[in-house]
Protein chains: 2
Amino acid sequence: MSRTYPASLPCLCANLRRASRALTQRYDQALRPLDITITQFTILQALSLTGVVSQGRLAEILAMDSTTLTRTLAIMSKHGWILSEPGPDRRERRLSLSPAGRRKFQAVLPHWQRTQAQLRARLGPDRWGDLMNAINHVALAVTD
Amino acid sequence: MSRTYPASLPCLCANLRRASRALTQRYDQALRPLDITITQFTILQALSLTGVVSQGRLAEILAMDSTTLTRTLAIMSKHGWILSEPGPDRRERRLSLSPAGRRKFQAVLPHWQRTQAQLRARLGPDRWGDLMNAINHVALAVTD
DNA sequence: TCGAAATAGATGTATATACATCTCATTTGC
DNA sequence: GCAAATGAGATGTATATACATCTATTTCGA
């Protein structure tokens with residue numbers, strides 16, 4: 001065990017949560033000057049990939065409770081980044097990026113990219129790829 | 001991309017956070033009958049491994065802001081699980097498990113173990129080991 | 001030695017997260 | 001066709017998380 005950091009705890013969840021906190025702090029720090037969090041940027045990115053999508057489906061994609069999304073979308077809507085229209089099924093909200101949301105996404109993109117690139121360089125492309133595979137496999141294994 | 005779940009987002013942090021949410025939900029669900037969260041159990045486990053430790057050092061071990069720990073420890077202290085005494089340096093708090101904390105940890109341990117074992121079986125021991133390595137490597141790479 | 005700088009943790013505030021429960025809309029069984 | 005069951009999302013509440021700032025203590029430099 002190093003002075004400042006133990007190699008591992010016995011719990012996979014604890015270790016994953018620790019890595020998640022560390023990474024989140026790093027990304028949030030990089031995005032702070034742009035007044036957006038990695039949580040919010042992730043939603044911009046997801047919407048930019050999916051196009052129009054219901055809140056429930058977006059929650060599924062992010063393995064996030066749909067009611068959590070309600071709160072975060074409220075914050076993002078205050079910034080004018082989100083379009084939310086009732087669908088043909090009028091219980092559901094059909095979400096998409098507003099023009100301001102697209103602009104915001106484009107503005108933040110290079111900062112996000114720089115942060116990813118730094119981390120990728122530090123880990124090496126092999127470890128990076130393995131990591132991406134592994135964590136997505138976990139998410140899958142847990143979800144279904 | 002499956003119907004209910006996309007293989008991957010382009011952002012490492014987004015994917016790690018997604019896996020973290022999914023895993024946390026799974027562990028929390030398993031521990032719910034015992035009235036404890038995986039966050040709190042992780043602190044019991046960490047204290048059981050370290051013995052007496054300062055709040056700052058514990059925060060370092062968990063890659064968690066020390067002030068975050070203040071809030072979670074307050075909840076755990078209400079349950080009587082935590083001993084907190086001033087150290088020789090009287091700014092710092094020297095934390096350890098109370099007898100009730102040790103009992104709680106022992107009581108929860110088998111439930112945590114069962115959850116881990118299920119997940120490990122599902123992932124396979126190779127993937128499990130790779131995953132543990134990879135995520136701890138990320139935490140290290142980000143932290144120093 | 002004494003004042004300045006640094007450090008440990010507490011507190012105020014904002015976001016992130018999920019569950020229980022509620023409302024309203026849709027689907028389903030008869 | 002209608003009552004019951006289901007489903008989508010909103011709201012109340014509790015925990016998790018971090019940053020800015022504050023207080024109390026310690027350390028450090030002249």
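A note on names: the letters A, B, ... follow the listed sequences, proteins ahead of strands, and every chain is numbered from 1.
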**Quiz item: A:Arg94 side-chain donor-acceptor pair to D:dG9 base, under 3.5 Å** = no
**Donor-acceptor pair (no angle test) under 3.5 Å: B:Arg71 side chain, C:dG12 base** =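 For B:Arg71, whose side chain was compared with the base of C:dG12, there is a donor-acceptor pair (under 3.5 Å).
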So, does [X] get its side chain near the phosphate of [N], meaning an N or O under 4.0 Å from OP1 or OP2?
X	N	answer
A:Thr67	C:dA18	no
B:Ser66	C:dA8	no
B:Gln25	C:dA18	yes
B:Arg32	C:dC19	yes
A:Thr37	C:dA16	yes
A:Gln29	D:dA18	no

Sugar-phosphate, base or nothing in reach of [X], heavy atoms under 4.0 Å:
X	result
B:Ser54	sugar-phosphate
B:Leu69	nothing
B:Thr68	base
B:Pro86	nothing

**Prompt:** Can you tell if the side chain of B:Met64 reaches within under 4.5 Å of the side chain of B:Thr68, non-hydrogen atoms only?
**Reply:** yes
**Message:** With a 4.5 Å cut-off on side-chain heavy atoms, are A:Ile43 and A:Gln40 touching?
**Reply:**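 No, every pair of side-chain atoms sits at 4.5 Å or beyond.
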**Request:** Group every Ile, Leu, Val, Met, Phe, Trp and Tyr by side-chain heavy-atom contacts under 4.5 Å, then state whether A:Leu31 and A:Leu44 land in the same group.
**Result:**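 Yes, one cluster joins them.
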**Message:** If hydrophobic clusters are built by linking Ile, Leu, Val, Met, Phe, Trp and Tyr wherever their side-chain heavy atoms come under 4.5 Å apart, do A:Leu95 and A:Ile75 end up in the same one?
**Reply:**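 A:Leu95 and A:Ile75: separate clusters.
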Calculate the interatomic distance between [X] atom [atom1] and [N] atom [atom2]; express it in whole Å.
X	N	atom1	atom2	value
A:Tyr27	D:dA18	OH	P	17 Å
A:Met64	C:dA16	CE	P	9 Å
A:Arg21	D:dC19	CZ	C1'	16 Å
A:Leu73	D:dA10	CG	P	8 Å
B:Glu92	D:dT26	CD	P	10 Å
B:Gln40	D:dA14	CD	P	14 Å
B:Ile38	D:dT17	CD1	P	11 Å
A:Arg26	D:dC19	CZ	P	14 Å

Nearest to the [X] side chain among [options], which nucleotide is it?
X	options	answer
B:Arg90	D:dT26, D:dC19, C:dC19	D:dT26
A:Thr70	D:dA10, D:dG9, C:dA16	D:dA10
A:Gln55	C:dT15, D:dA10, D:dT15	D:dA10
B:Arg17	D:dG9, D:dC19, C:dT17	C:dT17
A:Arg93	D:dA16, C:dT17, D:dG9	D:dG9

**Request:** Using a strict cut-off of less than 4.0 Å between a Lys/Arg side-chain nitrogen and an Asp/Glu carboxylate oxygen, indicate whether B:Glu92 and B:Arg90 qualify as a salt bridge.
**Result:** no
**Request:** Step through it carefully: locate the ring centre of B:Phe41, locate the ring centre of B:Tyr27, and say whether they are under 6.0 Å apart.
**Result:** no
**Message:** Taking atom NE2 as the centre, does A:His111 end up with more than 12 heavy-atom neighbours from other residues, nucleotides or ligands that are less than 6.0 angstrom away?
**Reply:** yes
**Asked** Is the side chain of B:Arg122 donor-acceptor paired with the backbone N or O of A:Ala141 at a distance under 3.5 Å, no angle test?
**Response** yes
**Request:** Measure from the side-chain N and O atoms of B:Gln55 to the backbone N and O of B:Ser66, and report whether any donor-acceptor pair falls under 3.5 Å.
**Result:**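 Here the side-chain-to-backbone pair exists.
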Which protein N or O atoms sit under 3.5 Å from an N or O of nucleotides 27-29 of chain C?
none

